[in-house]
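See below for the structure under consideration.
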2 protein chains.
Amino acid sequence: MSRHEPHAVNTDDLPPGQVEPQFADALKLFTVVSRAHAALHQGAREDVARHGLTLTEFAVLEVLYHKGPLLLGAIRDKILASSGGITYLVDRLADRGFVERRECPEDRRARYAALTAEGIEFMHRIFPEHARCLARLVDALSPEERKTATDLMKRLGKGARDAPS
Amino acid sequence: MSRHEPHAVNTDDLPPGQVEPQFADALKLFTVVSRAHAALHQGAREDVARHGLTLTEFAVLEVLYHKGPLLLGAIRDKILASSGGITYLVDRLADRGFVERRECPEDRRARYAALTAEGIEFMHRIFPEHARCLARLVDALSPEERKTATDLMKRLGKGARDAPS
DNA sequence: GATTATTATCTCAGTGCTAAACTACTCTCG
DNA sequence: CGAGAGTAGTTTAGCACTGAGATAATAATC
């Protein structure tokens with residue numbers, strides 16, 4: 001089970017407020033990932049806010065822009081939202097004219113979301129700028145470091161999802 | 001300004017839906033950090049939910065547990081919340097008897113939040129288990145990899161905060 | 001010492017989101 | 001086929017959180 005270190009330890013006689021050394025690095029990694037994510041998220045958020053979008057709205061537009069029309073459930077999986085959240089999100093984007101729902105002939109329960117012509121034109125206009133914003137946000141790491149970080153975060157995420165509860 | 005690669009590029013003649021190769025890794029890193037964070041967050045969230053706490057509530061308890069009484073503003077900085085959010089959060093924890101407000105003699109605008117005896121006892125009881133949960137969540141990486149990841153995320157976060165808007 | 005700017009917290013209206021119940025449809029298997 | 005289980009999306013109630021303004025106190029400047 002344990003891949004790298006022991007998980008059972010007696011903590012009863014440590015003074016309150018002390019983190020056991022062997023867990024301190026796990027906690028540190030957790031907080032540092034949280035803070036990095038918060039910083040990236042906020043930088044990206046400020047960028048898309050200039051166009052009156054939330055980051056989640058942008059994420060939907062982006063995935064449709066790059067993958068084409070997608071079932072709502074597929075979008076939900078990509079952007080990690082709840083089913084109710086997707087409905088709400090697509091409603092908002094449809095109200096603004098960027099997205100439309102299309103019926104799915106193979107399964108009449110399901111719906112596609114697709115960019116409208118206006119949505120495509122909009123993304124074509126703003127996406128490159130957003131990509132440059134992201135590039136600036138990660139620019140503190142060298143290309144090799146970014147590669148390492150990407151690999152480590154991929155495995156960290158997978159490991160955390162698979163972790164025994 | 002640019003530390004590692006060029007930031008200006010002509011994207012006009014790329015077909016819609018194509019990410020320019022030089023920005024693809026920035027985007028990839030962004031999403032992989034998001035997903036790793038989401039997985040860690042959810043794992044930790046499920047753990048504290050068993051005690052009827054949100055992760056933010058737990059974060060407040062944890063910082064008070066490890067640092068002692070703190071001004072509300074100091075907590076806000078530590079856990080990255082808004083001022084209104086801290087008031088709301090401390091209210092909820094006070095309602096449950098884990099935390100109390102104390103006046104600050106040096107500055108009568110400010111308030112301390114401090115764990116009650118019950119709060120200390122509660123954290124003493126549940127914190128070690130939570131630390132083990134975090135350790136399991138990051139267990140896919142070896143100790144050396146965790147160290148590397150921590151370093152990279154720290155610099156990524158700092159770089160993103162300092163990035164020119 | 002009075003005036004102004006700043007700071008710490010609280011209040012409150014609004015928002016993005018979730019979870020659970022619900023509707024409509026599809027699949028499975030006797 | 002037809003009953004029941006399962007699935008895709010929507011609805012609804014409610015919650016954690018934000019941001020802007022209000023309040024009260026402190027610091028800075030004249």
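Residue numbers start from 1 in every chain, and the chains themselves are labelled A, B, ... in the order their sequence lines are given, proteins ahead of strands.
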Item to check | Side-chain donor or acceptor of R111(A) paired with backbone N/O of R101(A) under 3.5 Å | outcome: no
Checklist entry - So what does R102(A) touch, heavy atoms closer than 4.0 Å: a base, only the sugar-phosphate, or nothing? => result nothing
Checklist entry - When you measure from the side chain of E145(A) to the backbone N and O of S142(A), does any donor-acceptor pair fall under 3.5 Å? => result yes
Checklist entry - Would you find a donor on one side and an acceptor on the other, under 3.5 Å apart, between the side chain of R50(B) and the backbone of D47(B)? => result yes
Item to check | Nucleotide dC17(D), atom C1' - distance to CG of L55(B) in whole Å | outcome: 14 Å
Checklist entry - Just wondering, do D25(A) and K147(B) contact through their side chains at under 4.5 Å, heavy atoms? => result no
Checklist entry - Checking all strands, does L89(A) fall into the base, sugar-phosphate, or nothing category for heavy-atom contacts under 4.0 angstrom? => result sugar-phosphate
Checklist outcome for this item: Separation of dT7(D) atom P from E106(A) atom CD, nearest Å, is 19 Å
Item to check | Atom pair distance, as rounded to whole Å: CZ in R108(A) and C1' in dA8(D) | outcome: 13 Å
Item to check | d(CD1, I79(B); P, dT18(D)) in whole Å | outcome: 9 Å
Next on the checklist: Please report the interatomic distance CG(L141(B)) to OG1(T150(B)), rounded to the nearest 0.5 Å.
Outcome noted: 9.0 Å
Item to check | Rounded distance in Å - CD (E57(B)) to C1' (dA16(D)) | outcome: 9 Å
Checklist entry - Starting at the 5' end of DNA chain C and moving along, which residue's nearest nucleotide shows up first, G73(B) or P105(A)? => result G73(B)
Checklist entry - Does Q42(B) reach the side chain of E46(B), with side-chain heavy atoms less than 4.5 Å apart? => result yes
Item to check | Chi angles and distances behind the ring pair (Phe, Tyr, Trp, His ring centres under 6.0 Å) call for F127(B), H66(B) | outcome: CA-CA 11 Å; F127(B) 182 78; H66(B) 288 126; 4.8 Å; yes
Next on the checklist: Measure CD/E103(B) against P/dA25(D) and give the value in whole Å, please.
Outcome noted: 12 Å
Checklist entry - Does R102(B) reach the main-chain N or O of Y112(B) with its side chain, forming a donor-acceptor pair under 3.5 Å? => result no
Item to check | Donor-acceptor under 3.5 Å (T116(A) side chain, F98(A) main chain) | outcome: yes
Item to check | Range on DNA chain C touched by chain A - first to last nucleotide, heavy-atom distance under 4.0 Å | outcome: dG16(C) to dT26(C)
Checklist entry - Would you say the side-chain atoms of E129(B) pair up with the backbone N or O of I126(B), donor to acceptor, closer than 3.5 Å? => result no
All N/O pairs under 3.5 Å across the protein-nucleotides 11-15 of chain D interface:
none

Checklist entry - With a non-hydrogen cut-off below 4.0 angstrom, is R76(A) in contact with a base, only sugar-phosphate, or nothing? => result nothing
Item to check | Rounded distance in Å - CG (D107(A)) to C1' (dT7(D)) | outcome: 8 Å
Item to check | Nearest-Å distance for atom pair CG/C1', residues L71(A) and dT10(D) | outcome: 16 Å
Checklist entry - For the atom pair OG1 (T87(A)) and CZ (R76(A)), what is the distance rounded to the nearest 0.5 Å? => result 10.0 Å
Next on the checklist: Both conditions, 6.0 Å and 45 degrees, for the charged tip of R92(A) above the ring of Y88(A): are they met here?
Outcome noted: yes
Review item, nucleotides 4-6 of chain D N/O atoms under 3.5 Å of protein N/O:
residue : atom : partner : partner atom : Å
dG6(D)  : N2   : R109(A) : NH1          : 2.8

